[in-house]
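Small disclaimer: the values here were computed from a predicted structure and weren't measured. All values below come from the heavy atoms of this structure, side chains included, with hydrogens, waters and symmetry mates left out.
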Protein chains: 2
Amino acid sequence: MPNPDIDLQRLDVHSRSERKAVSHRALLHAALTLVGEGRSFTSISLREIARQAGMVPNAFYRHFASPENLGLELVEEMGITLRRLLREARQVDPSKGDILRRSVQVYQQYVKANRLVFLFISSERSGGSRVLRVAIRRDVTHFTNEMAQDFRDLGLYKELPTARLQMVCGLIVMTMLAAAIDILDLPADQPLLEHEMTENFVRQLQLILLGAGQWREKPSRGDLPA
Amino acid sequence: MPNPDIDLQRLDVHSRSERKAVSHRALLHAALTLVGEGRSFTSISLREIARQAGMVPNAFYRHFASPENLGLELVEEMGITLRRLLREARQVDPSKGDILRRSVQVYQQYVKANRLVFLFISSERSGGSRVLRVAIRRDVTHFTNEMAQDFRDLGLYKELPTARLQMVCGLIVMTMLAAAIDILDLPADQPLLEHEMTENFVRQLQLILLGAGQWREKPSRGDLPA
DNA sequence: TGTACATCAGTGAACGCGCGTTCACTGATGTAC
DNA sequence: TGTACATCAGTGAACGCGCGTTCACTGATGTAC
């Protein structure tokens with residue numbers, strides 16, 4: 001029997017596979033919605049997800065062997081989301097100056113627009129199931145490497161060996177993900193706080209890029225200047 | 001009736017308050033043990049904790065109103081652990097050179113020695129309960145500020161305004177916590193991997209400190225060097 | 001084209017289980033006299 | 001010092017509940033002829 005919560009007629013979805021795809025997406029969306037309500041993915045039950053999607057609990061098994069498998073598909077969605085972010089970031093016109101600040105703005109908008117996905121990343125990246133953690137880390141590493149390649153393509157930091165450039169991008173990505181939590185936690189009614197946060201974010205990245213620009217393969221081993 | 005799993009006689013614990021303190025610690029330790037088995041704190045049940053501590057479930061309530069309250073005490077323990085870390089780090093002799101690398105080694109040893117606490121921090125810092133998240137973040141900020149003060153006391157980065165120095169320490173702490181996960185996830189039988197990780201960690205911090213050393217309050221707004 | 005059968009997404013009922021929480025209790029420790 | 005009573009950490013049994021998973025099913029969609 002079709003799911004009454006989703007008007008399949010109206011969607012012109014008649015074939016079995018189309019209906020199944022709709023339900024499949026409904027389950028993924030239901031899980032993200034619950035994450036958006038402040039729950040950590042790992043603590044959400046199969047029954048809750050099915051309920052949120054307007055299905056009977058056991059119907060879940062027609063789509064996923066377990067909630068963890070659903071989580072792995074969410075990680076895939078995250079991978080796509082990060083890839084789209086890079087594509088958007090490449091649109092930032094480098095000739096207009098202040099690239100960094102404008103890139104940060106693009107990122108902030110992007111995080112807000114993909115709130116649920118970034119909430120999912122933040123909470124499952126270190127907490128929760130080992131399998132998910134590993135999958136997320138793999139995708140984040142991918143993202144880091146692509147960013148490094150973009151730097152190369154733009155002719156930035158030509159003097160850095162690849163391993164060092166990847167390390168720099170690793171720091172940048174780490175900073176970005178930390179900032180994502182701040183962006184998502186911001187109370188909506190405090191523009192001043194948001195501006196402060198943005199400035200801090202920009203300065204953190206400036207400092208990293210400054211360090212990268214100064215980097216020599218064997219820097220003086222004194223490490224800490226006086 | 002005394003808990004048979006803990007030999008109170010042998011511990012010379014006879015007074016009611018002493019016995020209670022022992023049980024209290026047993027519950028905290030039980031929770032950390034379960035975290036050490038790969039579980040995320042938020043997903044551990046009251047009954048599991050009591051069972052691990054060798055108690056009947058409802059005895060839990062004699063010590064904590066809820067598992068979340070137990071978690072808050074673990075956060076306090078974490079705060080103490082971080083403070084001890086700073087104290088140990090101050091022992092690193094600055095006259096002997098290569099301070100950074102030696103500090104990193106101190107940190108690695110410390111993370112390994114306090115494995116469970118760092119596992120707890122890592123998994124609950126962004127996942128799980130909002131209350132715990134906020135408490136952990138507050139303590140981490142505290143730690144960051146103390147580190148900034150230590151830099152001041154050592155006369156390092158005199159030219160940096162306080163807000164900038166705190167930002168630098170924020171980056172350092174972020175990098176440290178990210179490294180903690182890597183340290184804890186390391187397979188014990190791969191010294192090469194460990195060495196690689198250490199080197200990467202050292203280089204990340206070198207880059208941050210290099211950037212901090214170069215920092216001028218209004219750096220050129222071009223941001224990205226060509 | 002129509003008919004007969006196969007497929008399979010979703011249903012509804014049921015199961016056993018671990019959960020958080022309650023209750024009245026026990027018996028060792030603590031206290032007042 | 002001994003005695004009588006209070007305190008309270010931990011017990012044991014019980015509760016109602018939501019959980020994951022199973023089963024036989026339904027009825028619309030798909031397919032073969």
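Atom-to-atom, NE2 of B/H24 to P of D/dG10 comes out at 11 Å; the value is rounded to the nearest Å. Look at NZ on A/K20: it is 13 Å from P on D/dG30, rounded to the nearest Å. To the nearest angstrom, C1' of C/dG27 lies 11 Å from CZ of B/R19. Atom CZ in B/R62 sits roughly 11 Å away from atom P in D/dT11 (whole-Å rounding). When the C1' atom of C/dG18 is taken as reference, atom CD1 of B/I49 falls 14 Å away, rounded to whole Å. To the nearest angstrom, C1' of D/dA9 lies 14 Å from CD of B/E18.
No donor-acceptor distance shorter than 3.5 angstrom exists from the side chain of B/Q204 to the backbone of B/F201, with no hydrogens or angles considered. Remark: side-chain polar atoms of A/S126 are paired, donor with acceptor, to backbone N or O of B/S122 under 3.5 angstrom. In this structure, the side chain of B/R19 does not engage the main chain of B/S23 through any donor-acceptor pair within 3.5 Å.
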Return all side-chain donor-acceptor pairs below 3.5 angstrom for residues 111-121 of chain A, not counting sequence neighbours, or 'none' if the list is empty.
residue	atom	partner	partner atom	Å
A/K112	NZ	A/E194	OE2	2.8
A/N114	ND2	A/Y110	O	2.9

Which atom pairs, donor and acceptor, lie under 3.5 Å between side-chain atoms of residues 174-191 of chain A and protein residues at least two apart or in another chain?
residue	atom	partner	partner atom	Å
A/T175	OG1	A/L171	O	2.7
A/D182	OD1	B/R137	NH1	3.2
A/D185	OD2	B/R137	NH2	2.5

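Applying the ring-ring contact (aromatic ring centres under 6.0 Å, His included) test to pairs two or more places apart or on separate chains, none has a residue in residues 165-191 of chain B.
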Are B/T144 and B/Q166 close enough, and set up right, to give a side-chain hydrogen bond (donor to acceptor under 3.5 Å, both in side chains), and what steps lead you there? CA-CA 7 Å; B/T144 305; B/Q166 281 175 339; over 6 Å; no
Which is it for B/M55 and B/H63 under the side chain to side chain contact (heavy atoms under 4.5 Å, CB included) test, yes or no, and what are the steps along the way? CA-CA 12 Å; B/M55 283 176 186; B/H63 301 278; 4.2 Å; yes
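A donor-acceptor contact under 3.5 Å links the side chain of B/R16 to the base of D/dT7.
Stem regions for DNA chain C, each three or more consecutive Watson-Crick or G-U pairs with both distances under 3.5 Å and listed by first number, read C:2-33 with D:2-33.
Residues meeting the ring-ring contact (aromatic ring centres under 6.0 Å, His included) test with A/F143, sequence neighbours left out: none.
Proximity note for B/V56 (side chain, C-beta onward) versus D/dT11, C/dT29, C/dA9: the nearest is D/dT11. Between D/dG30, D/dG10, C/dG10, one nucleotide has an atom nearer to the side chain of A/H63 than all others, and that is C/dG10.
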Under 3.5 Å, which N/O atoms of the protein pair with N/O atoms of nucleotides 19-22 of chain C?
residue	atom	partner	partner atom	Å
C/dC19	OP1	B/S45	OG	2.8
C/dC19	OP2	B/R51	NH2	2.5
C/dG20	OP1	B/L46	N	2.7
C/dG20	OP2	B/L46	N	3.4
C/dG20	OP2	B/R47	N	2.9
C/dG20	N7	B/R47	NH1	2.3
C/dG20	O6	B/R47	NH1	2.9
C/dT21	OP2	B/Y61	OH	2.4
C/dT21	O5'	B/Y61	OH	3.2
C/dT21	O4	B/R47	NH1	3.4
C/dT22	O4	B/N58	ND2	3.2

